[in-house]
Amino acid sequence: MKRFIVASHGELAKGIQSTIELFAGHDLPITYISAYTKADADLDTQLKKVFDSITDTDQVLIFTDLMGGSVNQKLSLRAVNYSNVFIIAGFNLPVILEAVLSPDPIDQKYIAALVSKGRAGLQQVALPDKPMDSNDDDFLN
């Protein structure tokens, strides 16, 4: 079974949860972990529960907020002995949505493609040099 984990410092994972559920529904195999908040249990306790539930037939993709951050480090230490667990650090919403909605199997090739799409999706929005007039068709070109 494909499973996903979104883990962050603070409440970012809960915000991502709200948006993913808006776009993709509530019935997805995603665990959200908001680390170091008063409302949530100890991070080590949460991770033990999650990793104890992983089976050999699962494909698990973990998204963490910061490469090298404490959440990423703790998940990496837990995942090191699992050949079926992959981690992407520095997540963004389009990449998570694509992953959870994709029928593709989770493997190294798929992870590389997701990371590439995530990088390509980060773009500056070109703004006009003049104030926008709602009747100005040039703004759209």
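Position 1 is the first residue of the sequence, and the numbers go up from there.
Counting heavy atoms from C-beta outward, Leu75 and Leu77 have side chains that stay 4.5 Å or more apart. Here the side chains of Arg3 and Ser53 are in contact, with some heavy-atom distance below 4.5 Å. Here the side chains of Phe4 and Val6 are not in contact, with every heavy-atom distance at 4.5 Å or above. Considering only heavy atoms from C-beta on, Ile30 stays 4.5 Å or farther from Gln17 through its side chain.
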Check: residues 83-92 side-chain donor-acceptor pairs under 3.5 Å, at least two apart:
unit_1	atom_1	unit_2	atom_2	d
Asn84	ND2	Thr55	O	2.9
Asn84	ND2	Asp58	O	2.8
Asn92	OD1	Val95	N	3.0

Show every donor-acceptor pair shorter than 3.5 Å between a side-chain atom in residues 59-72 and any protein atom, with sequence neighbours excluded, or say none if there are none.
unit_1	atom_1	unit_2	atom_2	d
Gln59	OE1	Ile106	N	3.0
Thr64	OG1	Asn72	ND2	2.9
Asp65	OD1	His9	ND1	3.2
Asp65	OD2	His9	N	2.8
Asp65	OD2	His9	ND1	2.9
Ser70	OG	His9	NE2	3.0
Ser70	OG	Tyr36	OH	3.1
Asn72	OD1	Gly68	N	3.3

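The salt bridge (charged side-chain N to carboxylate O under 4.0 Å, His left out) pairs that include a residue from residues 93-114 are Glu98-Lys117, where partners are two or more places apart or lie in different chains.
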Ile20/Tyr32 under side-chain contact (heavy atoms from CB on, under 4.5 Å): CA gap, chis, key distance, verdict: CA-CA 11 Å; Ile20 288 173; Tyr32 299 93; 3.7 Å; yes

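Listed here is the closest heavy atom pair of Tyr110 and Ser102: OH-CB, 3.1 Å. When every heavy atom of Gly10 is checked against every heavy atom of Ser34, the shortest pair comes out as O-CB, 3.1 Å. Looking at every heavy atom in both residues, Asp44 comes nearest to Arg78 through O-NH2, 3.4 Å.
Between the Tyr82 side chain and the Phe51 main chain, a donor and an acceptor come within less than 3.5 Å of each other. A distance-only check finds a donor-acceptor pair linking the side chain of Thr19 to the backbone of Gly15 [under 3.5 Å].
Rounding to the nearest 0.5 Å gives a distance of 10.5 Å between OG1 of Thr31 and CG of Leu47. Note that the CD1 atom of Ile16 and the CD1 atom of Ile96 stand 5.0 Å from one another [nearest 0.5 Å]. Taking CG from Leu93 and CG from Leu97, the interatomic distance works out to 4.5 Å, rounded to the nearest 0.5 Å.
The local environment of CG in Asp56 is sparse, with at most 12 non-hydrogen atoms from other residues, nucleotides or ligands closer than 6.0 Å.
Residues Val80 and Ile111 do not share a hydrophobic cluster, defined by chaining ILVMFWY side chains whose heavy atoms lie under 4.5 Å apart.
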